[in-house]
Number of protein chains: 2
Amino acid sequence: MKLQELETACSKSGLKMTGPRKTILKVLVEAEDHPSVDEIYARVKAVDPSVSMATVYRTVNTLDELNLVTKHEFKEGFARFETNTDHHHHMIDVDSGDVIEFTNVELEALKEKIAEELGYELIDHNLELYGRKIKD
Amino acid sequence: MKLQELETACSKSGLKMTGPRKTILKVLVEAEDHPSVDEIYARVKAVDPSVSMATVYRTVNTLDELNLVTKHEFKEGFARFETNTDHHHHMIDVDSGDVIEFTNVELEALKEKIAEELGYELIDHNLELYGRKIKD
DNA sequence: GTAGCTGCAAACTCTTTGCAACTCT
DNA sequence: AGAGTTGCAAAGAGTTTGCAGCTAC
């Protein structure tokens, strides 16, 4: 999702496009990783030092509720965020902390099948793999 | 895993079988749900009111490190625990908070395949489905 | 003009930890 | 005896919130 699109989506949802908000959106769109609030805050500060941590928290939570960003809670004790792209899952490198994205068609089908068998309508789901790189 | 087995496993690992520890183990073994620390604490208190929250935290963490219990971090802001049984996954009912366990052979195979393709040795993983019950 | 947004600081929740006393083995 | 364990209270991390002032629309 491009910055322009994101801003439009926010406006449509009734959000005011304020300075802090624009900066945060820009940081999120440009992020190629899965930054934590601390990391987002640092990147935002580099552009506009007046923005507060509270605003970063409020903004990412609002965006999450609007489904414009996705909040991830890996087993680290804090949340990470990314702008919504295609649906994918994560392999977390337990040594380096690297997060590798992957998609898998079979998995998407399988998860629907499992939910159906349990009598549930699927709203959200996530598969996290924790692994160690095989040396070659 | 039975209480007896768990206690033996703890002793083998060099843990002393103290009063608080025994009570916590008993509560964990008898739990048929996935209790949070608060819930474990309440159940332990009902048996022995002198046990502290700190001890519950220390104990479940120790047991988790020994792989005698599994710590789950669903998207709720706190951890849940259960004694180790066969490997399974969870469907979380977003309306009631109920946690339904399920196993799936295809999934186990698929996750290994994915890890291999990414060049990783799988250490841990979890699939969480969040859904809403289909009325019938 | 006004509803919504912001910064600040305080508060909150969950969890961890330092320490002196205590207890299994 | 001695290492491990405990309760207590304080501290820690991450996150949320009340409020008065500010800003986009």
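These numbers come from a predicted model, not from an experiment. Below, chains carry the letters A, B, ... as their sequence lines are ordered, and counting in each starts from 1.
Looking at heavy atoms from C-beta onward, A:S11 lies out of side-chain contact with A:T8 at the 4.5 angstrom threshold. A heavy-atom distance below 4.5 Å is not found between the side chains of A:L118 and B:K133. When side chains are defined from C-beta on, A:H88 counts as touching A:E82, because their heavy atoms get closer than 4.5 Å. Here the side chains of A:L110 and B:N104 are in contact, with some heavy-atom distance below 4.5 Å.
If you check the side chains of A:E101 and A:H34, you find a donor sitting under 3.5 Å from an acceptor. There is no side-chain donor-acceptor pair under 3.5 Å between B:N67 and B:E65.
With sequence neighbours excluded, no residue forms a ring-ring contact (aromatic ring centres under 6.0 Å, His included) with B:Y120. B:V44 meets the side-chain contact (heavy atoms from CB on, under 4.5 Å) test with B:T23, B:I24, B:V27, B:I40, B:V51; sequence neighbours excluded. When the side-chain contact (heavy atoms from CB on, under 4.5 Å) test is applied to B:L122, the partners found at least two apart in sequence or on another chain are A:M91, A:L129, B:K111, B:E112, B:A115. With sequence neighbours left out, the ring-ring contact (aromatic ring centres under 6.0 Å, His included) criterion links A:Y130 to no other residue. Legend: residues meeting side-chain contact (heavy atoms from CB on, under 4.5 Å) with A:T62, ordered by chain and number and at least two apart, are A:L15, A:L66. By the side-chain contact (heavy atoms from CB on, under 4.5 Å) test, A:Y41 is found to be paired with A:K45, A:M53, A:V56, residues two or more places apart in sequence or in another chain being considered. The side chain to side chain donor-acceptor pair (under 3.5 Å) check on A:D38 picks up nothing, with sequence neighbours excluded.
A donor-acceptor pair under 3.5 Å links the side-chain atoms of A:E39 to the main chain of A:S36, judged by distance alone.
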Fill in the blank from the handout: Once base and sugar-phosphate atoms are separated, protein heavy atoms under 4.0 Å mark nucleotides 20-25 of chain D, 5' to 3', with B, S and - as ---BBS
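Between its opening and closing five pairs, the helix from C:dG1-D:dC25 to C:dT25-D:dA1 changes axis direction by 40°, a value rounded to 10 degrees.
Here A:R21 lies in heavy-atom contact (under 4.0 Å) with sugar-phosphate atoms only.
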Exercise for the section: Could you walk me through whether A:F81 and A:H72 pass side chain to side chain contact (heavy atoms under 4.5 Å, CB included), step by step? Expected result: CA-CA 6 Å; A:F81 296 82; A:H72 294 294; over 6 Å; no
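Residues from residues 31-51 of chain B placing a heavy atom under 4.0 Å of any atom in DNA chain D, listed by number, are B:S50, B:V51. Using a 4.0 Å cutoff on non-hydrogen atoms, the parts of residues 74-82 of chain A near DNA chain D are A:G77, A:F78, A:A79, ordered by number.
Put simply, chain B comes within 4.0 Å of DNA chain C, heavy atom to any atom, from C:dC14 to C:dT25, going 5' to 3'.
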